[in-house]
Every structure is written in structure tokens, then in C-alpha cells.
Amino acid sequence: MTASICMSRNPIISPAANNSFLPKTALFRPFYFRNTSSASIDIRCSLRRPEYIPNHIPDTKYVRIFDTTLRDGEQSPGATMTAKEKLDIARQLARLGVDIIEAGFPASSDADFEAVKLIAREVGNADSNHVPVICGLARCNKRDIDKAWEAVKCAKKPRIHTFIATSEIHMKYKLKMTPEQVIEKARSMVAYARSLGCDDVEFSPEDAGRSDREFLYRILGEVINAGATTLNIPDTVGYTLPSEFGQLIADIKANTPQIGNVIISTHCQNDLGLSTANTLAGAHAGARQLEVTINGIGERAGNASLEEVVMALKCRGEQQLDGLYTGINTQHIIMASKMVEEYSGLRVQPHKAIVGANAFAHESGIHQDGMLKHKNTYEIIAPEDIGLLRSNESGIVLGKLSGRHALKAKMLELGYNVDGKELDDLFAHFKAVAGNKKNITDDDLVALVSDEVFQPQVTSGTLGLSTATVKLTDMNGAEHIACSVGTGPVDAAYKAVDLIVKIPVTLVEYSLNAVTEGIDAIATTRVLIRGQDTLTATHAFTGKTVNRTFSGTGAAMDVVISSVRAYIGALNKMLGFQSCLKIEGPNERNVLNTTK
């Protein structure tokens with residue numbers, strides 16, 4: 001089989017970056033969104049929201065949502081994101097209405113520092129009726145805290161989040177510190193953060209779920225005296241059960257000196273699949289800030305999922321959780337989920353609650369009969385509540401004879417405001433698919449716009465041999481052609497790309513899925529690659545050097561095209577990251593984000 005593969009735009013070699021580490025020519029194009037207000041950049045949240053006071057919430061029923069997708073979520077293997085991608089996600093989180101955005105770990109690298117600073121400057125100063133708090137993570141040392149403050153201080157509402165481990169196993173084997181030393185370190189570093197002029201300081205006792213209760217009360221009391229405004233209680237390894245975690249929050253509330261002067265927060269990992277349940281138990285017991293991530297991404301098994309926690313509060317808060325509510329505009333959930341899925345490369349499982357492909361699908365005959373008679377028989381949430389619109393509001397049925405205006409109208413209906421060159425490229429891709437596919441579904445269109453927005457152009461043909469000819473055009477317009485043979489067409493195409501790029505990588509993961517049913521279904525591919533000894537980081541916990549991984553996705557009716565698009569997308573991301581490191585200098589020391 002011979003595959004002729006051509007990329008006509010989006011360079012494989014990253015262009016030079018400017019001072020904010022954003023490529024002059026974006027490797028990936030941003031999502032575009034429909035907004036019901038006249039000003040497309042405005043952020044509008046539908047629910048009431050109390051005045052923001054760092055250590056006090058005027059309405060005792062209000063729960064702050066602290067999103068750590070850009071910090072803890074990015075720790076997922078292969079989820080490395082560029083500064084531009086992080087900015088896009090931060091803007092969508094602001095549209096969603098989150099109260100606090102933990103934008104990253106500024107001390108981990110210059111690139112992460114610049115990304116956090118960019119978010120603080122752009123999202124943290126938006127001209128809007130809701131401007132979120134912009135938070136930077138820091139370990140309990142002056143260098144980390146200085147970096148965090150420097151990155152977030154330009155925001156209207158900046159926050160420093162510092163932490164230190166408090167469980168016996170962590171203090172003994174990781175920190176090699178006595179309990180008294182840990183208390184003094186925590187107290188002094190919270191005080192230092194306040195001395196910089198930061199009026200909003202969050203403190204986390206890492207591994208609180210396995211820490212001694214009396215020791216927790218002591219250290220939390222000390223950091224309150226030092227000026228902490230929020231106390232975050234992490235179940236770092238996802239060890240506790242909901243009854244245990246709820247009791248932990250209740251005990252802290254009952255036994256910590258001056259606890260009434262701060263906000264209690266939760267941060268629950270999902271190692272036993274209980275992160276959402278534990279988070280809700282914590283809220284019921286008195287926590288008024290909940291730390292979550294979009295799609296539940298994060299270290300190991302992930303974090304409490306924003307969409308699950310928020311929708312649980314929306315559905316059951318009044319009846320079972322004493323009327324607790326959030327300021328989240330839930331109609332932006334689906335778009336936030338899709339954006340994080342695309343940028344991180346971490347696919348949402350079909351049966352994932354709220355945002356999974358099957359969350360609102362009904363195949364059983366009994367269920368279908370009930371749904372036809374009354375939707376509430378089998379749906380406790382309306383799809384429209386989270387921004388999932390499957391009905392054809394405009395009455396437009398797209399096919400091979402449809403024009404640009406019809407396509408644009410349909411994409412607006414689905415939440416994508418595509419115009420200009422992006423619309424031209426999408427329309428050409430759409431016409432090619434419509435000529436071979438009788439029915440174009442919403443899922444097809446979402447796959448097409450995601451691929452057209454993020455990925456390079458690829459074409460393929462077959463003649464019967466396991467060889468591939470690849471032509472790539474770089475940022476300067478120069479064409480690069482290579483031929484290779486392989487065990488199959490995808491293998492041959494990947495080897496041909498490698499001959500052009502000339503940077504050794506290891507293909508860590510490869511997955512292929514059909515977006516829709518039928519022989520003419522659009523295929524989506526996800527790959528995960530790892531550079532060989534070129535992009536490394538030092539893990540903050542173990543001190544070991546590890547190789548970074550990068551993901552890419554592609555979509556096409558031809559699996560070879562889809563596969564190569566995904567591979568080139570991952571290479572683009574890796575090379576763009578490499579370009580930033582070259583600008584930062586050879587002496588930069590990268591430190592992976594740590595888990596609270």
C-alpha cells in the first residue's frame with residue numbers, strides 16, 4: 001500500500017517564540033465560541049455570586065469552585081499544554097464561572113511561569129462582571145513563593161497557594177523533618193507570602209487524609225495566625241471513604257483555633273473512585289471551596305470532576321445538601337470538556353458521568369419507550385443544562401450541496417464560531433466528507449472542526465505496497481519529501497515523517513476510534529510520543545529525571561490520514577515546547593508539578 005501524505009499548513013518546526021513564549025504563528029489554532037451577548041469577549045454567569053472576600057463568604061450556602069485543570073490536571077502523562085492552550089482554557093473556565101483558577105506551578109519552569117503570568121494579565125484583568133482569582137502553586141520555600149507572587153500579582157485578585165506534607169510517612173521518608181520543623185516551615189512561609197503584599201494565601205497540609213488529627217489542628221491553627229485565608233484539606237492519595245473525609249472536615253472545623261476566620265477547602269484524588277463523593281461529603285460537613293478539574297484529569301487516577309461536583313450540587317443541593325449552590329454557568333460545561341479533551345489529548349470515556357458520549361444515550365427498548373413518554377423517566381439532567389444541544393434548532397440538514405453559510409450556522413448552533421480562513425478550511429474538509437457520506441451528524445462536524453482547528457492537512461492514496469511518500473511544508477514554505485517502507489501504511493507514514501523531522505521519538509500510545517457508526521464513519525486517532533533525552537524534567541518529589549510526553553489527535557475518514565495528523569500534531573507540540581526551552585537557556589531547571 002502506498003500512502004501519499006501532504007501537509008499544506010501548520011509547520012512541523014516550531015517558530016521562534018516571543019517573550020511570553022507564544023509562537024508568532026500558532027502551531028494549533030484556538031477554539032471559537034458562540035456567546036449570546038453582543039460582545040463576544042464578555043463573560044456572563046447566570047447565578048448570583050456573593051462579593052469576593054478572601055477569608056469570608058457572605059452567603060453561607062455559597063460554594064466556591066477552585067479549578068486546578070491547568071496545574072494538577074496537566075500532571076497527567078501526555079497532557080503537556082502550550083501557553084496559548086492554557087490561556088484558551090483559562091478563558092473558558094472564566095466563561096464557565098469558576099471562582100479560582102489555579103493557573104500552574106510558576107517555579108517549575110520559565111515556560112510555566114510565563115504561562116501563569118499571561119493568564120493573570122489577560123484573564124485576571126478581563127473587562128467583565130466576573131473576574132476569577134488567579135492562583136499560583138508554591139512549595140514552602142521562598143524561591144517558589146517569590147516566583148508564584150511575581151507570576152500572579154498583576155491579576156485583580158491574585159492568590160498564592162503553598163503546601164507542605166503533614167502525614168507521618170511523608171515527614172519521615174520524604175521531607176526528613178520533625179513535626180515541629182514542619183510547623184515552623186509552614187508558619188514562616190505563609191507569613192512570608194503575606195509579607196509580599198498578597199492578601200489571599202491558601203495553605204494545604206499535603207496527605208491530610210493520613211495525617212494525625214491533633215497535629216493537623218496545630219499546624220492549621222499556626223498558619224491561620226500567620227495569615228492564611230483558605231485552608232485546603234487534600235486527600236492526596238484518594239485513601240479516605242466519604243464518611244471518613246466528611247468527619248475529617250467536621251473535626252477540623254470543630255477543633256482548629258480561629259477556624260471561623262478562614263475558608264475550608266477540599267482536594268480529593270480519585271485513586272479509589274471516590275473523589276466526587278468525598279468532595280460532596282466535605283461540602284456537606286462545612287467546606288466552602290471545592291478543588292476540581294475538568295473531566296476529572298490529574299495525577300494517577302485523577303481528581304474530583306468539576307462537572308460531576310457542580311451538577312450534583314445543582315441537582316441535589318437544595319434537597320440533600322442544605323441548599324448549597326455554586327456560581328457556575330453549567331451551559332458552558334460541554335465546551336470546557338471538549339476543549340480540555342482536545343488540548344490535553346486525554347479522551348473522555350464514553351460512560352463518563354455528565355460529559356461522556358453515552359451520558360444521554362438510550363438504547364434499551366424499555367428506556368426508549370420511557371423517554372418517548374416523558375424524558376424525566378430516565379434523565380435527571382437535561383442535556384441543554386450543560387450546553388449539549390442535539391436538536392436542529394435552525395432546521396438545517398447538511399449535505400454535499402450545503403454552502404458556507406449553512407455550515408457556519410450549524411457550527412454556531414453547536415457552539416463554534418468559525419470564520420475566515422478557518423471556515424474556508426473547514427468547508428473544504430466538510431465538502432470532501434459530504435461527497436462520500438450520506439448523513440453528516442453533529443459528532444462528525446465536531447470531529448471535523450476539532451481536526452481542522454488543531455491539526456495539519458493530510459491527504460492519502462493507496463496502490464498496494466506498504467510504502468509511504470510524505471510531503472511536509474515548513475513554516476518558511478519549504479517542502480520536505482521522504483519515502484519509507486513499514487509493516488503497514490501507518491508505520492510507513494510515521495517512518496517517513498521521522499526522516500523529515502530528524503528528531504528521535506518513541507511512540508508510547510496509539511489509539512483509533514470511530515466517531516460515528518457505519519463503514520463511512522470518521523476515525524479519530526490519539527497518539528502519545530516521548531522525546532529521547534531531549535525534553536526532560538526533574539520530579540519535585542523523587543528528584544529523578546523523567547522524559548516529557550506529548551499528545552496529538554487527528555480525524556479523517558481514512559485511518560492513515562487520521563493517524564498521520566495525530567502524529568504531526570504531537571510532533572508540533574513537542575517541537576514548540578523545545579523552541580521555548582532554547583529561548584529560556586540551557587541552564588533552566590524544570591521541575592514537574594507536585595501533587596497535593
Side-chain angles (χ1 to χ4, degrees), residues 33 35-37 41-70 89-103 119 123-135 155-159 161 200 202 229-230 232 262-267 276 279-280 282-284 286-294 303-337 339-340 354-355 381-382 384-387:
F33 299 91
N35 195 298
T36 54
S37 67
I41 62 172
D42 284 350
I43 299 166
R44 295 288 178 261
C45 299
S46 59
L47 297 180
R48 64 194 187 279
R49 186 188 306 273
E51 176 191 1
Y52 183 78
I53 304 170
N55 66 335
H56 175 67
I57 301 176
D59 186 346
T60 59
K61 301 299 183 183
Y62 185 80
V63 178
R64 290 175 179 167
I65 296 299
F66 177 112
D67 185 275
T68 184
T69 301
L70 297 175
I89 290 174
R91 284 172 170 156
Q92 180 61 15
L93 291 174
R95 291 185 183 96
L96 187 61
V98 303
D99 299 275
I100 303 100
I101 297 175
E102 188 167 51
I119 291 168
V123 181
N125 288 281
D127 183 13
S128 168
N129 68 334
H130 169 58
V131 178
V133 174
I134 306 299
C135 176
K156 289 181 179 178
K157 293 182 282 188
R159 176 186 291 191
H161 179 190
D200 194 351
E202 177 173 338
T229 53
T230 299
N232 180 51
V262 297
I263 305 300
I264 301 176
S265 173
T266 68
H267 181 106
T276 295
T279 299
L280 293 172
H284 197 207
R288 289 298 178 266
Q289 176 181 288
L290 308 179
E291 301 201 358
V292 292
T293 62
I294 299 294
N303 291 276
S305 163
L306 179 146
E307 58 273 11
E308 293 174 14
V309 169
V310 166
M311 293 310 295
L313 288 172
K314 183 172 183 177
C315 289
R316 306 306 311 280
E318 189 64 39
Q319 303 101 323
Q320 296 296 323
L321 297 171
D322 301 325
L324 297 182
Y325 72 100
T326 73
I328 296 297
N329 184 340
T330 61
Q331 291 186 346
H332 286 287
I333 284 177
I334 280 292
M335 196 52 60
S337 172
M339 176 179 280
V340 170
I354 313 299
V355 295
I381 300 169
E384 293 78 12
D385 287 347
I386 61 169

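What's counted below: heavy atoms across the whole structure, side chains too, no hydrogens, waters or symmetry copies. Computed from a prediction, not measured in an experiment: that's the story for all the values here.
With sequence neighbours excluded, the residues that form a side chain to side chain contact (heavy atoms under 4.5 Å, CB included) with Val262 are Ile224, Leu231, Ile259. When the side-chain hydrogen bond (donor to acceptor under 3.5 Å, both in side chains) test is applied to Asp385, no partner is found at least two apart in sequence or on another chain. For Ala283, the side chain to side chain contact (heavy atoms under 4.5 Å, CB included) partners two or more places apart in sequence, or in a different chain, are Leu290, Leu324.
For the atom pair Met311 CE and Arg316 CZ, the distance stands at 13.0 Å (nearest 0.5 Å). Distance check: Lys61 NZ to Tyr325 OH gives 10.5 Å after rounding to the nearest 0.5 Å. Distance check: Glu307 CD to Ile294 CD1 gives 6.0 Å after rounding to the nearest 0.5 Å. Here the straight-line distance linking atom NE2 of His161 with atom OG1 of Thr68 works out to 8.5 Å at 0.5 Å rounding. Distance check: Ile328 CD1 to Leu313 CG gives 10.0 Å after rounding to the nearest 0.5 Å. To the nearest 0.5 Å, atom CZ of residue Arg95 and atom CE of residue Met339 are 6.5 Å apart.
Annotation for Pro50 and Asp59: closest pair CG-CB, 3.9 Å, computed over non-hydrogen atoms. Contact between Thr266 and Ala287 at its shortest, heavy atoms only, is CG2-CB, 3.5 Å. Nearest heavy-atom pair, Gly286 versus Ile264, reported as atom, atom and distance to 0.1 Å: O-CB, 4.5 Å.
Using a 4.5 Å heavy-atom cutoff, the side chains of Asp200 and Lys157 are not in contact. Two residues are said to be in side-chain contact when any heavy atoms from C-beta on lie closer than 4.5 Å; Val292 and Asn303 fail this criterion. Taking 4.5 Å as the limit, every side-chain heavy atom of Asp67 sits out of range of all side-chain heavy atoms of Leu96. The side-chain heavy atoms of Thr293 and Val340, taken from C-beta on, include no pair separated by under 4.5 Å.
For the 3.5 Å distance criterion, the side chains of Asn55 and Thr229 fail to qualify, holding no donor opposite an acceptor. Side chain to side chain, Thr230 and Glu202 fail the donor-acceptor criterion of an N or O pair below 3.5 Å.
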### Message
Between Ile263 and Phe66, does the side-chain contact (heavy atoms from CB on, under 4.5 Å) criterion hold? Intermediate values first, please.
### Response
CA-CA 12 Å; Ile263 305 300; Phe66 177 112; over 6 Å; no
### Task
Give the C-alpha distance, both sets of side-chain angles, the deciding distance and a yes or no for side-chain contact (heavy atoms from CB on, under 4.5 Å) between Leu70 and Ile119.
CA-CA 11 Å; Leu70 297 175; Ile119 291 168; 3.8 Å; yes
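The backbone N or O of Val98 lies less than 3.5 Å from a partner atom in the side chain of His130, making a donor-acceptor pair. Between the side chain of Arg49 and the backbone N or O of Gly327, at least one donor-acceptor pair lies under 3.5 Å.
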